[in-house]
Amino acid sequence: MVEFDELDSVEAPEATASWFPLKHSTVLSRVAETLQASGYDIARQQLGLSADNHRFFGTLDLHTSVADGVSLMIGIRNSTDQTMPIGFAAGERIFVCDNGAFSSEVVIARKHTRNGERRFNDALSRAVLGLRQYASVAAERIERLQSLSLSEDAANSLLLLSAERGIVGWRLLPKVIAEWRKPRHEEFAPRTAFSLLNAFTEVLKDRQMSQPARAASETIQLQRLLLKPPEDIIDGAFKREPDGILAV
């Protein structure tokens with residue numbers, strides 16, 4: 001974790017004929033200014049550097065409620081070693097456990113080209129304008145996860161499938177299983193897809209700063225898996241209630 005002054009001290013390398021890197025602090029400031037100009041207040045920011053300060057990832061928690069106990073969160077990334085493009089993603093932060101998760105509805109990635117900064121700024125403005133709609137969609141998604149009850153067989157199948165698909169490593173899987181079976185937060189005692197998601201994010205929490213791009217990708221894939229499980233898992237481990245909600 002670093003403070004803004006340390007981040008700002010990291011200079012970008014000289015541009016080449018085809019590569020035009022941006023300072024990490026320039027990317028962060030542009031995102032913060034765009035959010036604030038659109039009426040979003042930043043409650044907290046967490047900033048991290050890696051790879052000899054060439055890679056930056058930050059999360060901005062906003063004073064914008066998505067659901068009870070859940071707020072809007074923004075993820076930002078940048079590199080000055082040509083390893084990844086400028087990035088922006090929307091997600092959610094859960095107060096009780098401080099877990100974060102990203103979704104695939106709002107994701108921006110722009111290369112460090114001659115016009116890359118302009119293209120990122122344009123895409124950023126459009127994305128921020130769409131955040132209120134995103135928050136509404138996210139609220140519905142969270143409600144679906146909270147109302148999706150899991151049988152023991154369903155949970156075990158999803159846990160196994162997450163490892164088979166490489167979403168979570170086999171080394172971490174036992175920790176996720178332990179968190180699911182005995183959650184440290186009573187709010188996740190209900191046997192739902194939302195509780196299972198938080199079992200994963202609790203275990204993956206430390207990775208958000210050590211390997212942020214990977215952690216963001218994992219939470220996006222996890223939400224896709226939990227919201228749209230394979231039909232064989234649905235048929236064998238769930239039953240459908242009259243209103244269409246999957247339940248035990």
Side-chain angles (χ1 to χ4, degrees), residues 46 59 61 66-73 75 89-105 137-241 243-248:
Q46 294 179 289
T59 56
D61 297 347
V66 172
D68 186 25
V70 183
S71 67
L72 196 60
M73 177 182 69
E92 299 85 46
R93 177 78 69 189
I94 302 167
F95 298 147
V96 66
C97 54
D98 202 30
N99 292 348
F102 291 99
S103 73
S104 58
E105 283 110 347
V137 171
E140 293 177 4
R141 171 166 35 82
I142 291 169
E143 184 177 359
R144 286 175 61 195
L145 289 168
Q146 291 173 331
S147 64
L148 178 56
S149 298
L150 299 180
S151 67
E152 183 178 355
D153 286 344
N156 289 337
S157 295
L158 290 167
L159 285 160
L160 179 61
L161 190 57
S162 71
E164 290 177 341
R165 291 186 177 182
I167 300 174
V168 63
W170 291 103
R171 181 179 60 84
L172 289 180
L173 184 61
K175 295 182 180 180
V176 179
I177 293 171
E179 188 67 38
W180 162 253
R181 291 179 176 172
K182 192 175 181 181
R184 68 190 68 190
H185 303 286
E186 62 181 15
E187 287 82 356
F188 305 129
R191 304 292 76 190
T192 67
F194 188 66
S195 294
L196 183 56
L197 173 64
N198 281 280
F200 281 102
T201 55
E202 185 67 41
V203 172
L204 297 173
K205 185 186 297 184
D206 291 342
R207 185 175 285 171
Q208 287 196 348
M209 282 303 165
S210 62
Q211 296 176 281
R214 180 177 176 182
S217 174
E218 287 166 342
T219 58
I220 288 173
Q221 293 179 72
L222 282 169
Q223 295 205 64
R224 287 175 178 168
L225 174 62
L226 295 175
L227 288 167
K228 293 184 178 180
E231 285 299 321
D232 58 337
I233 293 181
I234 294 176
D235 293 341
F238 300 89
K239 67 178 182 180
R240 292 185 181 274
E241 297 297 333
D243 61 3
I245 295 175
L246 292 175
V248 175

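Remember, it's a predicted structure, so these values are computed and weren't measured experimentally. Heavy-atom basis, side chains included; hydrogens, waters and symmetry copies ignored. Here, residue 1 is the first one in the sequence, and each next residue gets the next number.
Here the side chain of Ser195 pairs no donor or acceptor atom with the backbone of Arg191 at under 3.5 angstrom.
Evaluation of the side chain to side chain contact (heavy atoms under 4.5 Å, CB included) rule for Gln146 yields Ile142, Phe194 as partners, not counting sequence neighbours. The side-chain hydrogen bond (donor to acceptor under 3.5 Å, both in side chains) search around Glu179 returns Arg184, not counting sequence neighbours. With sequence neighbours left out, the side chain to side chain contact (heavy atoms under 4.5 Å, CB included) criterion links Ser103 to Glu105, Tyr134, Arg141, Gln223.
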- request: Report the C-alpha separation of Val168 and Val203 in whole Å, then their side-chain angles, then the decisive distance to 0.1 Å, and conclude whether the side-chain contact (heavy atoms from CB on, under 4.5 Å) test is met.
  value: CA-CA 10 Å; Val168 63; Val203 172; 5.8 Å; no

- request: Might you work through the side-chain contact (heavy atoms from CB on, under 4.5 Å) test for Leu225 and Phe200, ending with a clear yes or no?
  value: CA-CA 12 Å; Leu225 174 62; Phe200 281 102; over 6 Å; no

task: Determine, stepwise, if the pair Leu158 / Trp180 fulfils side-chain contact (heavy atoms from CB on, under 4.5 Å).
output: CA-CA 12 Å; Leu158 290 167; Trp180 162 253; over 6 Å; no

- request: Output, in order, the C-alpha distance, side-chain angles, deciding distance and verdict of salt bridge (charged side-chain N to carboxylate O under 4.0 Å, His left out) for Arg214 and Glu218.
  value: CA-CA 6 Å; Arg214 180 177 176 182; Glu218 287 166 342; 3.1 Å; yes

task: Starting from the C-alpha separation in whole Å, work towards a yes-or-no answer on side-chain contact (heavy atoms from CB on, under 4.5 Å) for Asn198 and Glu187.
output: CA-CA 10 Å; Asn198 281 280; Glu187 287 82 356; over 6 Å; no

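No option in Leu227, Leu226, Ile220 other than Ile220 meets the side chain to side chain contact (heavy atoms under 4.5 Å, CB included) test with Arg224.
To the nearest 0.5 Å, atom CD of residue Glu202 and atom CG of residue Leu197 are 11.5 Å apart. Of the inter-residue distances, the one linking Thr219 atom OG1 with Ile167 atom CD1 reads 10.5 Å to the nearest 0.5 angstrom. The line from CZ of Phe102 to OG1 of Thr201 is 11.5 Å long, rounded to the nearest 0.5 Å. The distance from atom CG of Leu196 to atom CG of Leu145, rounded to the nearest 0.5 Å, is 9.5 Å.
Nearest heavy-atom pair, Ser71 versus Val66, reported as atom, atom and distance to 0.1 Å: C-CG2, 3.8 Å. Of all the heavy atoms in Glu92 and Val70, the pair that sits closest is CB-CG1, 3.5 Å. Of all heavy-atom pairs between Asn99 and Lys205, the closest is OD1-CE, 2.7 Å. Across all their heavy atoms, Arg93 and Gly100 have their closest contact at NH1-N, 3.8 Å.
Contact annotation: the side chain of Leu204 never approaches that of Val176 to less than 4.5 Å [non-hydrogen atoms, C-beta and beyond].
Side-chain polar atoms of Ser217 and Gln221 form a donor-acceptor pair below 3.5 angstrom.
Other residues, nucleotides and ligands contribute over 12 non-hydrogen atoms within 6.0 Å of the CD atom of Glu164.
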